[in-house]
A.B. asks: 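Following this message is one structure expressed as structure tokens.
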Protein chains: 2
Amino acid sequence: MHLPNGADKRERILAVAEELFFQYSFLGTTLEMICAALRTTKPFVYYYFKNKQEIFETITWRGSVAVMTAMKFPADDMRPAHVKLAEGLHRFMAACVANFRSGALAYRDTASLRPQFQAKLRRLARYFYADLCTIMEQGRADGKLSFEDTMLTARAMVSVGAFMYAWYAPAGRVPPDEIVRALTSILFKMVGLRAKPMRVSDRLRVHTSKTR
Amino acid sequence: MHLPNGADKRERILAVAEELFFQYSFLGTTLEMICAALRTTKPFVYYYFKNKQEIFETITWRGSVAVMTAMKFPADDMRPAHVKLAEGLHRFMAACVANFRSGALAYRDTASLRPQFQAKLRRLARYFYADLCTIMEQGRADGKLSFEDTMLTARAMVSVGAFMYAWYAPAGRVPPDEIVRALTSILFKMVGLRAKPMRVSDRLRVHTSKTR
DNA sequence: CCTACCGATCGGTAGG
DNA sequence: CCTACCGATCGGTAGG
């Protein structure tokens, strides 16, 4: 045990609030509930955050960024589009599973976000979809993929990851890695990609460069 | 113009409330907002409904039933499983598009539903998934379908319809019928079904029996 | 069908 | 003088 510093305490607030916001929504979660779960008081929370809104948007932003950066590749990555898409979809699905709570807040509780924050999220999503659609169409032009409307197919694939909040339970029947592999394999079928999704260990062995 | 009877007035309340609940969530919608949109007062609304909860659950139940009954077939329907699945998936997707607002309330605002109502919804969903998975596995046994984990594939297909609330706009780029056709076609790929989804007019010509 | 009003509970902040 | 908190209570607003 060690005395936690400020950053640790802030993280603890965020962790507890994420759980409560996911379960009860923004308006359904009171500061009293957050404080009770933290076994602390409101002024303690208000020392680290200006208000409830700031806590909520911090969590929401993290989750959204984690999911929406999966299609980013270095400019010098010259692999074929369908290979990048396979890796990107796998990263996307892994991020959806790892962040299924915070990732859901953006679209499930949109009304509780300030308009300017919503605009920031829409920008993030627009870039994600632009990257995704570009890679998809390159892969199709290369004859490696097969699908009809690009944007609708992209929306459908994102739905599979995004809607996970409604049914996924971390301690469920299938282990997380296996869920990621199986769902990624379903996304592959949706774009007519033949390859099987790599296992996490394979991906780490083949692709060692850090993208962040 | 005619003087609306009690049922009409009730429906008007439900229509206005559905729009507001979808946009602002249950807790974010006040009775004052509903009354203002209706240009009436709270006691008028409380003449037709016991409380805010009853309005919300009435709307939610309708949407959920509309979507979750798509996989029901008459006991004497002897068509092959993959044919029934094709029709069921098409009906499911059409119901998701037609009820994207009320259908979303069940999973987006779950916390605002009473536990016993949540249990009723879970029962409805369990029957839907049971029917869906049964037909899927029959079709696979017949050699007409191809997929891995049945339940995960079912979840993924439902996600495509369910998550539509996050992006679908009735007055958007693609007309509703075309959205339904394109998304159903994507569901077909997810289960390895070769057939193309029928157009609405075709389906009505071929299959005239009422399922309700 | 409306005006007026209640018990309670909310997010946020005061003094110490 | 600062920080990190507590007990108490503020102004406003919710459902009914």
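Quick note on labels: first sequence line is chain A, next is B, and so on, each numbered from 1.
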A.B. asks: Taking only residues two or more places apart in sequence or in another chain, which ones pass side chain to side chain donor-acceptor pair (under 3.5 Å) with A:Y168?
C.D. replies: none
A.B. asks: Kindly point out which of C:dC2, C:dT13, D:dC6 is positioned nearest to the side chain of A:K42?
C.D. replies: C:dT13
A.B. asks: Go through the structure and list residues passing ring-ring contact (aromatic ring centres under 6.0 Å, His included) with B:F147, not counting sequence neighbours.
C.D. replies: none
A.B. asks: Under 3.5 Å for both distances, Watson-Crick or G-U wobble, that's the pair rule; now give the dot-bracket for DNA chain C, with | marking pairs to another strand and [ ] for crossing ones.
C.D. replies: ....||.|.||.|.|.
A.B. asks: Test of understanding: with side chain to side chain contact (heavy atoms under 4.5 Å, CB included), list the residues that count as partners of B:V160, not counting sequence neighbours.
C.D. replies: A:A156, A:V160, A:M190, B:M93, B:L183, B:L187, B:M190
A.B. asks: Are B:F26 and B:F21 close enough that their ring centers fall under 6.0 Å?
C.D. replies: yes
A.B. asks: Just to verify, what does A:D149 make a side chain to side chain donor-acceptor pair (under 3.5 Å) with, not counting sequence neighbours?
C.D. replies: B:R173
A.B. asks: Can you name the residues that form a side chain to side chain donor-acceptor pair (under 3.5 Å) with B:Q53, not counting sequence neighbours?
C.D. replies: B:E57
A.B. asks: Applying side chain to side chain contact (heavy atoms under 4.5 Å, CB included), can you list everything that pairs with B:A36, at least two apart in sequence or on another chain?
C.D. replies: none
A.B. asks: Donor-acceptor pairs under 3.5 angstrom involving side-chain atoms of residues 121-131 of chain B: please list them, not counting sequence neighbours.
C.D. replies:
{"unit_1": "B:D131", "atom_1": "OD2", "unit_2": "B:K72", "atom_2": "NZ", "d": "2.8"}

A.B. asks: State which residues pass side chain to side chain contact (heavy atoms under 4.5 Å, CB included) with B:E178; sequence neighbours excluded, sorted by chain then number.
C.D. replies: B:V174, B:P175, B:R181, B:A182
A.B. asks: Ring centres under 6.0 Å, that's the criterion: do B:F44 and B:Y46 meet it?
C.D. replies: no
A.B. asks: Using the P atom as the point on both nucleotides, what is the distance between D:dG12 and C:dA8, in whole Å?
C.D. replies: 22 Å
A.B. asks: Without decimals, in angstroms, what is the distance between B:L38 CG and C:dC2 P?
C.D. replies: 11 Å
A.B. asks: Out of C:dG11, C:dT3, D:dG15, which nucleotide sits closest to the side chain of B:Y46?
C.D. replies: D:dG15
A.B. asks: Nearest whole angstrom, please: distance from the P of D:dC6 to the OH of A:Y47.
C.D. replies: 15 Å
A.B. asks: Rounding to an integer number of Å, can you tell me how far A:I34 CD1 sits from C:dC10 P?
C.D. replies: 12 Å
A.B. asks: Taking CZ from A:R39 and P from D:dC6, how many angstroms apart are they, rounded to a whole number?
C.D. replies: 12 Å
A.B. asks: Atom OG1 of B:T150 and atom CG of B:L132: how far apart are they, to the nearest 0.5 Å?
C.D. replies: 9.5 Å
A.B. asks: With a 4.0 Å heavy-atom cut-off, tell me which residues in residues 50-59 of chain B come close to DNA chain C, sorted by residue number.
C.D. replies: none
A.B. asks: Please determine whether a side-chain nitrogen or oxygen atom of B:T40 lies at a distance below 4.0 Å from atom OP1 or OP2 of C:dC1.
C.D. replies: no
A.B. asks: Measure the distance from CZ on B:F44 to C1' on C:dC1 and round it to the nearest whole Å.
C.D. replies: 9 Å
A.B. asks: I need the CE-P distance between A:M33 and C:dT9, as an integer number of Å.
C.D. replies: 13 Å
A.B. asks: Please work out which residues in residues 23-32 of chain B have a non-hydrogen atom less than 4.0 Å from an atom of DNA chain D and list them by number.
C.D. replies: B:T29, B:T30, B:L31
A.B. asks: In whole angstroms, how far is the P atom of D:dG16 from the CZ atom of B:F49?
C.D. replies: 14 Å
A.B. asks: With sequence neighbours excluded, give me every salt bridge (charged side-chain N to carboxylate O under 4.0 Å, His left out) pair touching residues 24-42 of chain B.
C.D. replies: B:E32-B:K42
A.B. asks: Can you check whether B:K9 has a side-chain N or O nearer than 4.0 Å to OP1 or OP2 of C:dC1?
C.D. replies: yes
